[in-house]
Every structure is written in structure tokens, then in C-alpha cells.
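Structure first, commentary second.
This structure is a prediction, so every number in the text was calculated from the model and none was measured. This chain uses plain numbering: 1 for the first residue, then up along the sequence.
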Amino acid sequence: MGKDKDKEERETPGGQETMVDSADQEKNMEEENLSSETEEAKENENLEHDKAGKKDPKDVQIEEMQDRLMRQMAEFDNFRKRTEKEKSAMYEVGAREMIEKILPVLDNFERALAAVPEEEKGSSFAEGVEMIYKQFIKTLEDAGVEMIEAVGQQFNPDVHNAVMHIDDEAYGENEISQELQRGYKYRGTVVRHSMVQVAN
């Protein structure tokens, strides 16, 4: 009976040692697996980071072509706007030059009407000339030409050209007393200054 007890005591500690060794081995294996998985995850993360940092050459080429296209479109838009502006400016200059050439003809119409004798003012010829003159004026107005007001206005060097000066108490200071040649504007820009006589 004493021998059996001793045998049981010897076996029990040995069995416990075997169970502890087995648990330690399992724990070590789990730690090794965890460590291996962690390293693999880090490697995958680094790989993905490298892929994200380095762009595909095709994507780089597409971006360059898109940038070049946007620049060319912007340049073309600027060219179109500049061309339209230059064309408009050329049209304005050409129109003013043409109006300047027409104005002497208009002056001659006015002189012809002013030279009609009193007894012939109601004649069909005089009325016909006056109708043509009015049609001429209307056509110019439709094209953007306007007369510059002069007589009774204050002298304005921007639109008037003073060629004579008189002292007359019937007029105010720097008031235009007579228009010697009518002035005209085209779309707000002076084509020809009014030639005037200024009082006081």
C-alpha cells in the first residue's frame, strides 16, 4: 500500500510537467503564427503603399495629355476672343473712315438746301432734295451716327472746336452762339468736332 502511494506521487508530478510542457508549446506556436501573420500583413501593406506611390506610366501619360489638351483649349479660347476684339476694332475704324468721307456730301446737301431761294422753297425740286437729305440723315442715324448739339450749349472741347470768339451780352459765359460746321459722333466716339463760335 505504501508502494502504491509513492508510485502515485511520482506519477502525478510527472503528469503535471507533461501538461505544462504541452501548454507552453501550444502558446509558443500561437505566438509564432501571430508573429508570422503580422509580418505578412506588414509586407502586404508596404507592397500596397509602393503601388500607391508609383503611378502607372499609362495614367501619367493620360494626365499629361489631358493637361496639354486643357492648355490648348484655353489658348484657342483666348485667340478667339482676341480675334473677335480685333475684328470689332477694325470694323469701328473702317466705319469711322467711311463716315468721315460721307460727311462732306452731307455738308453739301445742307448748303444746297440753305441756298434755295425763298420763292422756290415750296417747289417739287426743293422738296425732293430735302426728302433725300432727311433719308440720308435717317440712314446715318440707323448706322449709329448722331449729330453733336452746339448752338445754345456750353463750349465743350471734347466735342466742339472753337474757331471764333465774340462778346455778346445776349449769350452766357462760354456759350456757343453759332455753328459753322456740324459735328458728328459714331457710337459715342467723335468723328468730327463741331466748328463753332463762342460768346464771351
Side-chain angles (χ1 to χ4, degrees), residues 61-200:
Q61 189 176 6
I62 290 171
E63 287 179 3
E64 289 177 356
M65 292 178 69
Q66 285 177 339
D67 183 62
R68 193 181 306 166
L69 178 63
M70 294 297 291
R71 288 176 183 273
Q72 288 180 348
M73 288 176 67
E75 288 176 6
F76 177 76
D77 190 52
N78 292 335
F79 170 76
R80 182 180 57 80
K81 290 178 181 177
R82 187 171 61 251
T83 303
E84 288 178 357
K85 189 175 180 180
E86 289 174 355
K87 186 168 64 175
S88 177
M90 289 174 63
Y91 176 81
E92 295 280 335
V93 171
R96 281 199 297 270
E97 289 179 355
M98 182 58 65
I99 291 165
E100 286 176 4
K101 291 178 181 179
I102 289 174
L103 291 180
V105 179
L106 190 60
D107 294 338
N108 288 333
F109 262 111
E110 292 173 351
R111 292 189 188 101
L113 289 170
V116 175
E118 284 293 329
E119 62 272 13
E120 295 184 10
K121 281 189 177 179
S123 65
S124 58
F125 176 76
E127 288 179 355
V129 172
E130 188 171 358
M131 286 176 64
I132 295 170
Y133 170 75
K134 288 179 179 178
Q135 184 181 11
F136 200 174
I137 292 291
K138 180 68 167 55
T139 302
L140 290 174
E141 287 177 352
D142 291 342
V145 179
E146 57 181 320
M147 295 180 185
I148 297 172
E149 294 184 13
V151 177
Q153 302 293 316
Q154 284 290 307
F155 175 75
N156 181 358
D158 293 333
V159 294
H160 303 132
N161 180 22
V163 295
M164 294 178 66
H165 183 271
I166 61 166
D167 292 323
D168 192 336
E169 294 181 357
Y171 296 96
E173 187 72 20
N174 285 331
E175 185 178 343
I176 296 171
S177 58
Q178 185 180 359
E179 183 181 56
L180 305 174
Q181 188 180 56
R182 186 167 289 167
Y184 293 89
K185 289 181 181 180
Y186 173 66
R187 295 185 178 179
T189 304
V190 176
V191 177
R192 186 176 74 183
H193 290 71
S194 295
M195 194 179 295
V196 298
Q197 174 183 274
V198 182
N200 306 319

Give the table of side-chain donor-acceptor pairs shorter than 3.5 Å for residues 100-119, with sequence neighbours excluded, one pair per line with atom names and distance.
from, atom 1, to, atom 2, distance (Å)
D107, OD1, R192, NH2, 3.0
D107, OD2, R192, NH1, 2.8
D107, OD2, R192, NH2, 3.3
N108, OD1, R111, NH1, 3.0
N108, ND2, P104, O, 3.4
E110, OE2, Y133, OH, 2.8
E110, OE2, R182, NH1, 3.1
E118, OE2, K121, NZ, 2.9

In chain order, what residues pass the salt bridge (Lys or Arg N to Asp or Glu O under 4.0 Å) check against K81, with sequence neighbours excluded?
D77
Heavy atoms of other groups near M147 CE, more than 12 under 6.0 Å:
yes
Donor-acceptor contact below 3.5 Å, side chain H193 vs main chain D158:
yes
Can you name the residues that form a side chain to side chain contact (heavy atoms under 4.5 Å, CB included) with E175, not counting sequence neighbours?
Q154, Y171
Side chain proximity check, D168 to S177, heavy atoms < 4.5 angstrom:
no
Value for NE2 (H165) from CG (N174), rounded to nearest 0.5 Å, stands at 7.0 Å
State, with a plain yes or no, whether a side-chain heavy atom of L180 is found less than 4.5 Å away from one of V163.
yes
Do L69 and M65 touch side chain to side chain, with heavy atoms closer than 4.5 Å?
no
Nearest 0.5 Å, what's the CD1-NZ distance between I99 and K185?
13.5 Å
For Q153, look at atom CD and say whether over 12 heavy atoms of other residues, nucleotides or ligands are found less than 6.0 Å away.
yes
With rounding to the nearest 0.5 angstrom, report the CD to CE distance, Q72 to M70.
11.5 Å
Give a yes or no on whether Q135 atom CD has more than 12 heavy-atom contacts from other residues, nucleotides or ligands under 6.0 Å away.
no
Going from OG1 on T83 to CG on N78, what distance comes out if it is rounded to the nearest 0.5 angstrom?
10.5 Å
Atom CD in E92, atom CZ in R187: separation rounded to 0.5 Å?
5.0 Å
Spatial distance of atom CD (E84) from atom CZ (F79) [nearest 0.5 Å]
10.5 Å
Quick check: closest heavy atoms across I148 and H160, and the distance to 0.1 Å?
CG2-NE2, 3.9 Å
Atom CZ of R68: over 12 foreign heavy atoms under 6.0 Å
no
Side-chain touch V93/R96, heavy atoms, less than 4.5 angstrom
yes
For E75 and R71, what are the C-alpha separation, side-chain angles and deciding distance, and is it a salt bridge (charged side-chain N to carboxylate O under 4.0 Å, His left out)?
CA-CA 6 Å; E75 288 176 6; R71 288 176 183 273; over 6 Å; no
Taking all non-hydrogen atoms of both residues into account, name the closest pair between V196 and A150 and its distance.
CG1-CB, 4.0 Å
